[in-house]
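Worksheet for the structure shown next.
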Protein chains: 4
Amino acid sequence: MQFNTNKAIYLQIADLFCENILLKKWKENERIPSVREIAVDLEVNPNTALRSFLLLEEKEIIYNKRGVGYFVSEGGYNKTLALKEEFFINNDLPELMKTLNLLSLTIADLEKLSKGSKKF
Amino acid sequence: MQFNTNKAIYLQIADLFCENILLKKWKENERIPSVREIAVDLEVNPNTALRSFLLLEEKEIIYNKRGVGYFVSEGGYNKTLALKEEFFINNDLPELMKTLNLLSLTIADLEKLSKGSKKF
Amino acid sequence: MQFNTNKAIYLQIADLFCENILLKKWKENERIPSVREIAVDLEVNPNTALRSFLLLEEKEIIYNKRGVGYFVSEGGYNKTLALKEEFFINNDLPELMKTLNLLSLTIADLEKLSKGSKKF
Amino acid sequence: MQFNTNKAIYLQIADLFCENILLKKWKENERIPSVREIAVDLEVNPNTALRSFLLLEEKEIIYNKRGVGYFVSEGGYNKTLALKEEFFINNDLPELMKTLNLLSLTIADLEKLSKGSKKF
DNA sequence: GTGGTCTAGACCACC
DNA sequence: GTGGTCTAGACCACA
């Protein structure tokens, strides 16, 4: 996996985990890969991988069974969605509106731009 | 001014400068506040303020007259606009589309959200 | 049963056993539940349950009859009491006094607090 | 400094910080020693020391000024006190009452015990 | 096998 | 100078 250099790796891994939950690749009460597996797969140090787990555990999106591994929390999907939505509304969206304003663009323009872009 | 802890202060100040230019608060060939004034106003270390100036000078959005101060470049408005647009298309927009997808939102939803938000 | 995540499960189970002995739920020379029963009841790994038994066996609070099961030792009550008392005096009590000091509380305050608390 | 082997060092350091705040050795809005200083003083790895800072920052007891250091939060004293009190009421106290009950002791007995102990 | 802690030390961005 | 991240790897307790 490639990591963006502008953001801490462990945060990018945490985002990846959230994505997996939101995309239902990881289901509630299911065990997720071990710290070591993630570390090997993503080619990062186990410590770095662990930080991602700890971050999401603290947000109660995942939980730990001692000696067994990490699991997606009951309600983890909704919690993840709520967190991401809240962040979007309070941070991304205001930022977006401000940028649109500065660039003299409207939301309607986004449709065209997103289609024109090679990224989609 | 409050700064976001996740982004370098000097970058946030540079963004602020760009905003002022795009909003025509700072016009081309007009002198902008000194490093010292900015540092005092925003309560930051003068070194930090200076970095913002140097960054924008390097992008030729502002220029320096020795012993006089910093000025918005001829064409600084368009340069700023171009930079912001490019960044928006290549970075913000793909990011936005991905987030919308994860949150099961569409561009159309943004209209409502942006109106419902207290931020506007 | 809920376990505290900050303390090893097997230690919490051992504490539970001691409680049963001190409360005379388990009497001297009486057979106590098997490792397997404990494991099922408390929903823990049999290995974990076994460690609790071994710990108390080592302290001679319980003993094992091969093929039969575990029993509370002759004198197990007093032994448990003595251990708990010693630990209380040497560990809990100093810790308590320090905490009281930091919180500007006195032993006298404990009376009121313990009554006010919903836990009792 | 000696550390208790039963508890993570970074937690013991965090406790120490709380003590300093409760004892008013560290006052609100005052800078506290740097991560490196703590690491050297307590003879631990800077990483370990940092964990203590991060823990307390997350609880908003201390805050960070970029490139400057950590400071006790406005209201940090009360926050620390509240946290410690809450923990005491919800954890230490029930535990204590249970232990007293098992040992056939009363709160009144604590007075004598605490005086008799060599620790005071 | 699992995670959790810790060390030693590097590198970096930032002030 | 400050903190923040990351690696490499050890050691341990626990299940």
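Note that this is a predicted model, so its numbers are computed, not measured. Lettering follows sequence order; numbering is per chain, from 1.
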Plane angle bin for Phe53(D) and Phe17(D) - parallel if under 30°, tilted between 30 and 60°, otherwise perpendicular: perpendicular
Give me the one residue out of Val40(D), Leu54(D), Leu50(D) that meets side chain to side chain contact (heavy atoms under 4.5 Å, CB included) with Val35(D). Leu50(D)
Arg36(C), CZ atom: more than 12 neighbouring heavy atoms under 6.0 Å: no
State plainly whether the residues Lys84(B) and Asp15(B) are in salt-bridge range, i.e. N to O under 4.0 Å. yes
Per-nucleotide pairing state of DNA chain F [Watson-Crick or G-U, under 3.5 Å; [ ] pseudoknot-crossing; | other strand]: ||||||||||||||.
Any donor and acceptor pair, going by atom type alone, linking the side chain of [X] with main-chain N or O of [Y] inside 3.5 Å?
{"X": "Thr48(B)", "Y": "Tyr10(B)", "answer": "no"}
{"X": "Gln12(D)", "Y": "Asn4(D)", "answer": "yes"}
{"X": "Ser73(D)", "Y": "Glu60(D)", "answer": "yes"}
{"X": "Arg31(D)", "Y": "Val68(D)", "answer": "yes"}

Closest-nucleotide mapping onto DNA chain F: is Val35(D) or Ala8(C) further toward the 5' terminus? I mean the 5' end. Val35(D)
Hey, which of these two, Val44(C) or Ala49(A), hits DNA chain F nearer its 5' end, going by closest nucleotide? Ala49(A)
Would you say a side-chain N or O of [X] is under 4.0 Å from OP1 or OP2 of [N]?
{"X": "Thr48(A)", "N": "dT5(F)", "value": "no"}
{"X": "Tyr70(D)", "N": "dG4(F)", "value": "yes"}
{"X": "Ser34(A)", "N": "dT2(E)", "value": "yes"}
{"X": "Tyr10(C)", "N": "dA15(F)", "value": "no"}

Within this structure, what is the [atom1]-to-[atom2] distance between [X] and [N], rounded to whole angstrom?
{"X": "Asn45(C)", "N": "dA15(F)", "atom1": "CG", "atom2": "C1'", "answer": "5 Å"}
{"X": "Leu42(D)", "N": "dT5(E)", "atom1": "CG", "atom2": "C1'", "answer": "16 Å"}
{"X": "Arg31(D)", "N": "dG3(F)", "atom1": "CZ", "atom2": "C1'", "answer": "11 Å"}
{"X": "Leu50(D)", "N": "dG9(E)", "atom1": "CG", "atom2": "P", "answer": "18 Å"}
{"X": "Lys7(B)", "N": "dA13(E)", "atom1": "NZ", "atom2": "P", "answer": "16 Å"}
{"X": "Ile9(A)", "N": "dG4(F)", "atom1": "CD1", "atom2": "P", "answer": "17 Å"}
{"X": "Arg66(A)", "N": "dA13(F)", "atom1": "CZ", "atom2": "C1'", "answer": "8 Å"}
{"X": "Ile13(C)", "N": "dA15(F)", "atom1": "CD1", "atom2": "C1'", "answer": "11 Å"}

Does a distance-only test, which skips hydrogens and angles, find a donor-acceptor pair under 3.5 Å between the side chain of Arg36(A) and the base of dG3(E)? yes
May I ask you to verify whether the side chain of Asn47(D) and the base of dC6(F) hold a donor-acceptor pair under 3.5 Å? yes
Out of dC14(E), dG4(E), dT7(F), which nucleotide sits closest to the side chain of Arg51(B)? dC14(E)
Nearest-nucleotide 5' precedence on DNA chain E, Glu43(D) against Asn64(A): Asn64(A)
When Gly67(A) and Leu11(B) are each assigned the nearest nucleotide of DNA chain E, the 5'-most assignment goes to Gly67(A)
